[in-house]
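Take a look at the structure set out below.
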Protein chains: 2
Amino acid sequence: MFENLAGFFDWLDERRSANSYEVSVVGLDELDGWHTDPQTGNVAHASGRFFSVEGIEVHTDHREVASWTQPIIMQPEIGILGILVKEFDGVPHCLMQAKMEPGNINLVQLSPTVQATRSNYTRVHQGNPVPYLEHFLSPRSGRVVFDSLQSEQGSWFLNKRNRNMIIEADGDVTVRDDFCWLSVDQLQQLVHVENLVNMDSRTVLSGMPFLAPGTADEGARHTTEELLSWFTEAKSRYTLDRRVIRLSDVKNWIRSADAVSHESERFFRVVGISTRASNREVGSWSQPMFAPASRGVVAFVAKPFGPDGVLHLLVHARTEPGTGDVVEMSPTVACCPENYDDFPRDLRPRYLDYVLAASAGRVLVDVVHSEEGGRFYHAENRYQVVLADDDFPTEVPEDYTWMTVDQLTGFVRYGNHVNVGARSLLTCLAR
Amino acid sequence: MFENLAGFFDWLDERRSANSYEVSVVGLDELDGWHTDPQTGNVAHASGRFFSVEGIEVHTDHREVASWTQPIIMQPEIGILGILVKEFDGVPHCLMQAKMEPGNINLVQLSPTVQATRSNYTRVHQGNPVPYLEHFLSPRSGRVVFDSLQSEQGSWFLNKRNRNMIIEADGDVTVRDDFCWLSVDQLQQLVHVENLVNMDSRTVLSGMPFLAPGTADEGARHTTEELLSWFTEAKSRYTLDRRVIRLSDVKNWIRSADAVSHESERFFRVVGISTRASNREVGSWSQPMFAPASRGVVAFVAKPFGPDGVLHLLVHARTEPGTGDVVEMSPTVACCPENYDDFPRDLRPRYLDYVLAASAGRVLVDVVHSEEGGRFYHAENRYQVVLADDDFPTEVPEDYTWMTVDQLTGFVRYGNHVNVGARSLLTCLAR
């Protein structure tokens, strides 16, 4: 435990220097254990496990363009992202890990206690066992605080879900190297530090502070029934038809010996990464990763409503190619602005220009975070919550709605309602 | 409105005799507008809409057998099942419809205000418009009481969902022929009448009586978090892999000119139905239907727990071939006992023999209901809630758990948690 954050940062520096890492971008054709199928162009591991990169053809009436093809990551397994919590002197603490992920721009970030793919914890790669995993596998001791399946990036994964768990330990817990206890208050501060609390931590933490049931609709513009109806309406109204195709059949994307990239050099590249680490389950490995072409913006527009001025978020029922069920509750804006540079004004993502133009005084949250460093290379998004000015229209298009922070948090509990960007933003909002 | 149920039954008799119907079983090859594809054996409508009968290959570690193939209904569209409610003198009433469905053993049953496939309400069949539909389509007036996507029979449909809606009307409502207002109390009694309240009504009514939030865990053996964790655990632990195949590739099923049936004559048959009605959107039509070989049992074992003796239901995380997400919260028992006649005792569905042997004094609910008469021909299930005796084990296998009626009802609200059999039973339980 740390009396103050200075102590934590000293510890983090110490952990960073205790281990050595080398990460380099290599050609897709040079990856050890990964092969490109000559028939399909798909990139997969020789074992048939972990994940694969294939193609997807998307048809929808709910995006800027009606149909397209793109590379996508297939990883049907459900992994575990778990945080162990324990009260010390009545203060809840989370057991966090200083963990290197090759895609992180600064390599080491704070990850959950356990961050394990199914391949990981069934030990397909023959590495060391995953520490603390026993707290998350059944039968387990401890008290369940949160346990639900949550989606990951729908723009890059097809239907990918991980099991997000918070378990309160009921006995002594030995703190191993690279692990530390941080209070929930300390974490609330650390989520405002650039590229520190990793995506897996942010999504699990969004399930942390459940309110007393029954208070969620207080001061809210819409009841929970109305919000569920809005969500059901969007799922019924819009269509999302997809077909998995060969990576070699993806149009306008070019496969070289090194990478798969779009003709325009926009969106992202599929690259190879070679990694060497002194403290990972296996000492060295290589793998494909998605490397976005530019930094994204993930933002809520927020506005107080009612006599008590309860803050509401403008939530978008958003469709992405990999979304499990047509739409998920998503931030007001989520995109890489550069991808839309040459779009006519009326086809640019709605509210994007509003968020980009927000004056500093209106920005309640503003922090750059990394996406999952195990799949995405140097993938950064600027997470923002922007206070709407008085002229901002209260009436919004049918696939947007206003909900309170408590209401959106309530939907996280049930899984598969709130997308990963919105969950990250919830974690960054003081609650 | 009816002062008493006698008045209702008089009205129902009158509606039954006001219209004339003829339903006959015909050969699949004789269906007007429906064709069997010579390549695949699939049975589909010439328009490509409504639904089709295809094959499915199932692999799972969570059923009596590890893999099998069978015919299955493909109907990806989301239909609307909607009940309009309105208070009269402070008493909430539901607008119900006396509706003929060709599969119903007694033809006319009570259906929701609106029961419309997407083909129906977009008027693919060029029939009359669906009455009262405007109350359920956006933009609408009235107050949303319940609006969520709910699964249908996973043993016969692949991922089929309908939108279940309850809308409180905010103005006068003209009552058309074949429609009537029934109070919620009257419906609570009528659900105990054999083959009267149809499946579509039962599933919508299961979303009716939401409790004040916050009371659901009172007196409960497990918290809602624990129940969600149990559900997440089951989704993560078990596997359900499926592949849509040609109907002609389904093994051990025989296609004759008349029907598709299993070699053993068990399970169900795919038959043709020809219908003539004086008051339907179209006067006559024909279609394929699934006709089960025998009557099923759908039952909860129930047990009071705690000092206040709060009734708990033994809920099964059940996997069916068409289940959307590996498992759904299901009754303790759901099967056609005859299908298991020659199974060894240890492979018979768990708790089936317990339910079948229950003495009359322990049966809290006991009523035969029909499944959806638009897809299933003479498909009856005996719905039961059986009180466990004192010897019944409190500890249950990992894919079962005890939850209160209020807790299970709470999960209905979020959609895709509670299966159709369990929702029907909830509607039959006094709440």
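What you are looking at is a predicted structure, and each value in this text was computed from that prediction instead of being measured. Every chain is numbered from 1, with letters handed out A, B, ... down the list of sequences.
- Only the side chain of A:Ile78 comes within less than 4.5 Å of a heavy atom of chain B; its backbone N, CA, C and O stay farther away.
- Comparing B:Glu226, B:Glu233, B:Arg143 by how many heavy-atom pairs each has under 4.5 Å with chain A, the most go to B:Glu233.
- The aromatic rings of A:Tyr414 and B:Phe411 lie perpendicular to each other, with more than 60° between the two planes, well past the 30° mark.
- Proximity to chain A involves both the backbone and the side chain of B:Leu228, based on heavy atoms less than 4.5 angstrom apart.
- No other option in B:Thr224, B:Thr223, B:Leu137 has as many heavy-atom pairs under 4.5 Å with chain A as B:Thr224.
- Ring geometry, B:His312 versus B:Phe305: the interplanar angle exceeds 60°, so the pair is classed perpendicular (tilted spans 30 to 60°).
- Between A:Arg161 and B:Asp325 there is a salt bridge, with a side-chain nitrogen of the basic residue lying less than 4.0 Å from a carboxylate oxygen of the acidic one.
- The aromatic rings of A:His316 and A:Tyr400 sit parallel, their planes meeting at an angle under 30°, below the 60° perpendicular limit.
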